[in-house]
Asks: 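I am attaching a structure below and will ask some questions about it afterwards.
Just so it is clear, the structure is predicted and the values come from calculations on it, not from any experiment.
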Amino acid sequence: KVLHATVQQTNPERHGTTLTLHNLRFKQGYGLLEMENLRQYLERNLPLSKDFSIVLNSQALRQPQIPASAIEYLIDYDDGEITIEGSIYYAGRLPRGHNGIFIRSQGVGVGDDNFDLFPGLPANLRSRLHATIHVKGLDDLVAYNRGEFIEDPRVQKVVRYISQVLKEVR
């Protein structure tokens with residue numbers, strides 16, 4: 001489908017790009033577009049940093065806030081082929097929609113909560129986990145084919161390593 005753009009001059013003190021989307025609809029059977037669900041999805045999956053921000057309905061998106069009482073498990077692995085860095089947080093309670101094991105390659109989220117990569121993880125543990133994992137060495141895999149991504153030996157190595165750390169969380 002072709003997207004048509006309208007270019008407008010803005011205040012020279014403001015920088016960035018504004019996208020205004022109208023009449024958004026999901027395909028039949030995919031449910032309604034709810035702003036809070038969209039907000040949570042964008043906060044989890046887009047590269048938010050001091051140099052990159054997103055404003056949705058006049059509110060800036062933020063990285064998920066982890067409760068101060070959460071226990072942090074640091075991730076630091078490098079075998080020459082891939083590098084894995086990040087944190088897994090175990091909390092008694094997380095904000096709605098912020099639980100998951102979020103894998104990023106070049107700052108971009110890969111998958112959503114990625115619990116499909118960890119099928120044996122108990123539901124009560126899933127609801128208490130928030131992990132942001134940065135992986136170097138997967139750049140060529142970031143595509144639209146989830147099946148090929150999951151089956152790649154490098155991704156399997158990431159899953160095995162994170163699974164070992166998750167055993168400590170239990």
Asks: For the OG atom of Ser163 and the CZ atom of Phe118, what is their distance to the nearest 0.5 Å?
Replies: 5.0 Å
Asks: Between Asp113 (side chain) and Ile101 (backbone), is there a donor-acceptor pair under 3.5 Å?
Replies: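 Not confirmed, Asp113 side chain does not pair with Ile101 backbone.
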Asks: Under 3.5 Å, side chain of Arg126 to main-chain N/O of Leu121, donor-acceptor pair present?
Replies: yes
Asks: According to a hydrophobic-cluster definition based on side-chain heavy atoms being under 4.5 Å apart (Ile, Leu, Val, Met, Phe, Trp, Tyr only), do Tyr89 and Ile71 belong together?
Replies: no
Asks: Checking Thr132 against His134: is there a side-chain donor and acceptor pair closer than 3.5 Å?
Replies: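 Distance-only check fails for His134 and Thr132.
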Asks: Would you check, one step at a time, whether the test side-chain contact (heavy atoms from CB on, under 4.5 Å) holds for Lys136 with Gln106?
Replies: CA-CA 7 Å; Lys136 294 178 186 170; Gln106 293 186 328; over 6 Å; no
Asks: Looking only at heavy atoms, which two atoms of Ile88 and Ala131 are closest? And how far apart?
Replies: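 The pair with the smallest heavy-atom distance is CG1-CB, 3.6 Å.
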Asks: Are Ser105 and Asp139 close enough that a side-chain donor and a side-chain acceptor fall under 3.5 Å?
Replies: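 Yes, side-chain donor-acceptor contact under 3.5 Å.
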Asks: Would you mind telling me which of Ile133, Asn114, Leu117, Val135 makes a side chain to side chain contact (heavy atoms under 4.5 Å, CB included) with Ile162?
Replies: Ile133
Asks: Are the side chain of Asp79 and the backbone N or O of Ile82 linked by a donor-acceptor pair below 3.5 Å?
Replies: yes
Asks: Is there a donor-acceptor pair closer than 3.5 Å between any side-chain N or O of Gln156 and the backbone N or O of Ile150?
Replies: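 Yes, Gln156 side chain to Ile150 backbone: donor-acceptor pair under 3.5 Å.
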Asks: Ignoring hydrogens, what is the shortest heavy-atom contact between Arg128 and Gly92? Give both atom names and the distance.
Replies: NH1-CA, 3.8 Å
Asks: Measure the spacing between OG of Ser87 and CG of Leu74 and express it to the nearest 0.5 Å.
Replies: 5.0 Å
Asks: Using only atom types and a distance under 3.5 Å, with no angle test, would you say the side chain of Asp152 pairs donor to acceptor with the backbone of Glu148?
Replies: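 Judged by distance alone, no pair lies under 3.5 Å.
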Asks: Compute the centroid of each ring, for His130 and then for Tyr90, and state whether the two points are separated by less than 6.0 Å.
Replies: no
Asks: Salt bridge or not between Asp140 and Arg154? Use side-chain N to carboxylate O under 4.0 Å.
Replies: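 Salt bridge flag = yes for Arg154 with Asp140.
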